[in-house]
Trainee: 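Let me give you the structure first, and then I'll get to my questions.
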Amino acid sequence: MYELFLTALVEQADFHAACAVLSGFCAMPPWETVGRVLYFQGPPRASGISNQTSIDKPMRKDVAFLWKDLHQSLSRQSFVLQARYEVAKERDMGPSGVAVELDSTPGILRWTDFPDPPHGRPLLTQRKIVEIWEQKKLPSVMRDNHYQFKAETVEEVYRFFRDDMEFSLTKHYFLQPINDYTPLESRAQPSGPSTTLPAWDSLTPVDMQSRWILHVKSHVLQDNKPDEIRKAQDRLMSIRSELEGIFDFKAIDRKVHDTRVAMQQQGIQALPQKVMLGKT
């Protein structure tokens, strides 16, 4: 699948006005969801998803195709993957929240490729993505294939839909106070995801200015059809014109969305982390 989107920033003070505009534009109230996002870093040498022992079987044909497609992409280059789970503020967070066994909880495995060069459309970001829904044992699948757990966030999203276009206002939160995350160089690596989630009011926004990210998205199911991709590009630019003066869509450097893991080449010795000049 191919994903194309526009990006704008919305200040916290403008959030309700933005929701009102999008509700009118899409003729629907916002659909609010809260999700837990786990990040797993692939091994230095790409090896795909070779070990499928923990994947539930038998698989439907469409799910098997997605696993095969993902394996092929991850065999060429190692990436950071996301395991995503829907949560409820009242049920899953705070002192009354119940500890969740993630291996028995269905989640979404999400991979996004390094975006394409702008090709004369700097406001558009476009990339291949694979999402595999309703998958149990995702932490075990990651562990079986030498993907290392790195971090987790909570994601708050307000979605709107107009025909086949998706409009989403998104904000990410750290689970712990910001001091627990800096400096990264001296912070011990987490052993695994948290067993419980803190109270909603105690979360720390990833963006210290507490802004929202607006994405206007279009999806092309078959990424080998350039005509369909061009149609999606044209629809997005048309929506950008309709919303001109309301949202300021930005050109985003594609490196912002780079989740590739640096590859370790065979026969090359890794350099030491510290080099002492003038010492023998």
Side-chain angles (χ1 to χ4, degrees), residues 1 31-43 46-60 62-64 66-71 73-74 78-112 129-157 159 168 170-178 180-181 184 187-206 259 261:
M1 184 166 65
W31 173 34
E32 181 189 6
T33 59
V34 176
R36 182 179 184 181
V37 186
L38 278 56
Y39 301 87
F40 293 88
Q41 180 175 303
S47 57
I49 305 293
S50 302
N51 187 340
Q52 299 191 0
T53 304
S54 297
I55 300 176
D56 282 345
K57 300 176 183 65
M59 287 186 277
R60 300 195 316 264
D62 58 329
V63 174
L66 291 173
W67 278 113
K68 181 180 178 181
D69 192 17
L70 180 63
H71 170 70
S73 296
L74 298 179
S78 191
F79 284 83
V80 173
L81 302 183
Q82 297 178 13
R84 308 172 67 89
Y85 301 89
E86 187 172 348
V87 299
K89 297 177 185 177
E90 298 79 12
R91 181 194 65 205
D92 301 316
M93 305 187 71
S96 60
V98 178
V100 176
E101 174 52 56
L102 291 175
D103 259 355
S104 61
T105 304
I108 303 169
L109 185 63
R110 189 171 200 261
W111 165 76
T112 58
I129 71 169
V130 173
E131 286 188 341
I132 311 178
W133 289 58
E134 294 295 317
Q135 296 298 301
K136 294 183 179 181
K137 301 180 182 177
L138 286 179
S140 289
V141 174
M142 296 293 94
R143 186 168 53 252
D144 292 346
N145 290 277
H146 309 293
Y147 277 72
Q148 183 181 5
F149 173 78
K150 283 293 182 178
E152 63 180 313
T153 61
V154 169
E155 178 186 72
E156 183 179 17
V157 187
R159 288 185 175 88
S168 62
T170 304
K171 187 186 290 188
H172 280 267
Y173 300 86
F174 291 122
L175 271 64
Q176 307 299 333
I178 192 64
D180 289 3
Y181 295 89
L184 291 175
R187 180 164 59 94
Q189 291 294 328
S191 58
S194 302
T195 54
T196 58
L197 296 175
W200 176 259
D201 293 339
S202 70
L203 298 178
T204 304
V206 170
T259 60
V261 176

Trainee: As an exercise, state the distance from CD of Gln135 to CE of Met59, rounded to the nearest 0.5 Å.
Mentor: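 Rounded to the nearest 0.5 Å, the CD-CE separation comes out at 8.0 Å.
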Trainee: Is there a side-chain contact between Glu155 and Gln82, using heavy atoms and a 4.5 Å cut-off?
Mentor: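 Result no, sub-4.5 Å side-chain heavy-atom pair not found.
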Trainee: List for me each residue that meets ring pair (Phe, Tyr, Trp, His ring centres under 6.0 Å) alongside Phe40, sequence neighbours excluded, and say none if there are none.
Mentor: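 Per chain and number, Phe40 pairs via ring pair (Phe, Tyr, Trp, His ring centres under 6.0 Å) with Phe149.
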Trainee: According to side chain to side chain donor-acceptor pair (under 3.5 Å), who are the partners of Lys171, at least two apart in sequence or on a separate chain?
Mentor: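 Lys171: side chain to side chain donor-acceptor pair (under 3.5 Å) contacts with Gln12, Ser210.
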Trainee: Counting C-beta onward and ignoring hydrogens, is there a side-chain heavy-atom pair between Ser73 and Val130 closer than 4.5 Å?
Mentor: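 Counting from C-beta outward, Ser73 and Val130 never come under 4.5 Å.
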Trainee: Run the numbers on Val63 and Glu134 for side chain to side chain contact (heavy atoms under 4.5 Å, CB included), then give the verdict.
Mentor: CA-CA 10 Å; Val63 174; Glu134 294 295 317; over 6 Å; no
Trainee: Any sub-3.5 Å donor-acceptor pair from Thr112's side-chain atoms to Ile129's backbone N or O?
Mentor: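 No.
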Trainee: Under the salt bridge (charged side-chain N to carboxylate O under 4.0 Å, His left out) rule, collect the residues that match up with Arg159, sequence neighbours excluded.
Mentor: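 With neighbours one apart ignored, the set is Glu166.
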Trainee: Hey, does Leu138 have a side-chain heavy atom less than 4.5 Å from the side chain of Leu81?
Mentor: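 SC-SC contact between Leu81 and Leu138 ruled out.
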Trainee: Restricting to ring pair (Phe, Tyr, Trp, His ring centres under 6.0 Å), what partner residues turn up for Phe79, sequence neighbours left out?
Mentor: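 Here the qualifying residues are Trp111.
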Trainee: Other residues, nucleotides and ligands only: do more than 12 of their heavy atoms fall within 6.0 Å of NE2 on His172?
Mentor: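 Correct, the count exceeds 12.
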Trainee: If we only count heavy atoms from C-beta on, is the Asn51 to His146 side-chain gap below 4.5 Å?
Mentor: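 SC-SC contact between Asn51 and His146 ruled out.
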Trainee: Return the set of residues passing side chain to side chain donor-acceptor pair (under 3.5 Å) with Ser50 (not counting sequence neighbours), or none when no residue passes.
Mentor: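 Applying side chain to side chain donor-acceptor pair (under 3.5 Å) to Ser50 gives none.
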Trainee: Tell me, please, which residues at least two apart from Glu32 pass side chain to side chain donor-acceptor pair (under 3.5 Å).
Mentor: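 Expected list: Lys89, Tyr158.
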Trainee: Which heavy-atom pair separates Ile49 from Met142 by the least distance, and what is that distance?
Mentor: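 Heavy atoms only, the tightest pair is CD1-CE, 4.3 Å.
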Trainee: CD of Gln176 to CD of Glu152: how many Å apart, nearest 0.5 Å?
Mentor: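 These two atoms lie 8.5 Å from each other.
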Trainee: Taking side chain as C-beta onward, heavy atoms only, is Ser47 less than 4.5 Å from Asn145?
Mentor: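 The answer is no, as the side chains (C-beta and beyond) never meet within the 4.5 Å cut-off.
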Trainee: Name all pairs fulfilling the ring pair (Phe, Tyr, Trp, His ring centres under 6.0 Å) condition that reach into residues 84-104, sequence neighbours left out, sorted by first residue then second.
Mentor: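 Qualifying pairs: none.
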Trainee: Just checking, is any N or O donor in the side chain of Glu86 or Thr33 under 3.5 Å from an acceptor N or O on the other one?
Mentor: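 Absent: no donor and acceptor within the cut-off.
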Trainee: Could you go through Met93 and Leu203, starting from their C-alpha distance and side-chain angles, then the distance that decides it, and tell me whether this counts as side chain to side chain contact (heavy atoms under 4.5 Å, CB included)?
Mentor: CA-CA 10 Å; Met93 305 187 71; Leu203 298 178; 3.7 Å; yes
Trainee: Going by ring pair (Phe, Tyr, Trp, His ring centres under 6.0 Å), name the residues that satisfy it together with Tyr173, two or more places apart in sequence or in a different chain.
Mentor: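 If we apply the ring pair (Phe, Tyr, Trp, His ring centres under 6.0 Å) test to Tyr173, skipping adjacent residues, the hits are Trp200.
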Trainee: Which residues pass the side chain to side chain donor-acceptor pair (under 3.5 Å) test with Asp62, not counting sequence neighbours?
Mentor: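 Asp62 satisfies side chain to side chain donor-acceptor pair (under 3.5 Å) with Arg60 once adjacent residues are dropped.
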Trainee: Shortest non-hydrogen contact from Gly42 to Val261?
Mentor: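 So the minimum-distance heavy-atom pair works out to O-CG1, 3.8 Å.
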Trainee: Indicate yes or no for a side-chain donor-acceptor contact from Lys57 to the backbone of Ile55 under 3.5 Å, with no hydrogens or angles considered.
Mentor: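 Yes, because the side chain of Lys57 sits within donor-acceptor range (under 3.5 Å) of the backbone of Ile55.
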Trainee: Please list, chain by chain and in numerical order, all residues satisfying salt bridge (charged side-chain N to carboxylate O under 4.0 Å, His left out) with Asp144, sequence neighbours excluded.
Mentor: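 Salt bridge (charged side-chain N to carboxylate O under 4.0 Å, His left out) list for Asp144, sorted by chain: empty.
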Trainee: Checking side-chain polar atoms at under 3.5 Å, does Tyr147 have a donor or acceptor matched by the opposite partner on Ser78?
Mentor: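 No.
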Trainee: Kindly write out the residues that satisfy side chain to side chain contact (heavy atoms under 4.5 Å, CB included) with Val87, not counting sequence neighbours, or none if the list is empty.
Mentor: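 Here the qualifying residues are Val34, Arg36, Asp92, Leu197.
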Trainee: Can you give me every donor-acceptor pair (side chain of residues 103-110, partner residue at least two apart or in another chain, under 3.5 Å) with its distance?
Mentor:
unit_1 : atom_1 : unit_2 : atom_2 : d
Asp103 : OD1    : Ser140 : N      : 3.3
Asp103 : OD1    : Ser140 : OG     : 3.3
Asp103 : OD2    : Ser140 : OG     : 2.4
Ser104 : OG     : Glu101 : O      : 2.9
Thr105 : OG1    : Glu101 : O      : 2.9
Arg110 : NE     : Glu131 : OE2    : 2.6
Arg110 : NH2    : Glu3   : OE2    : 3.1

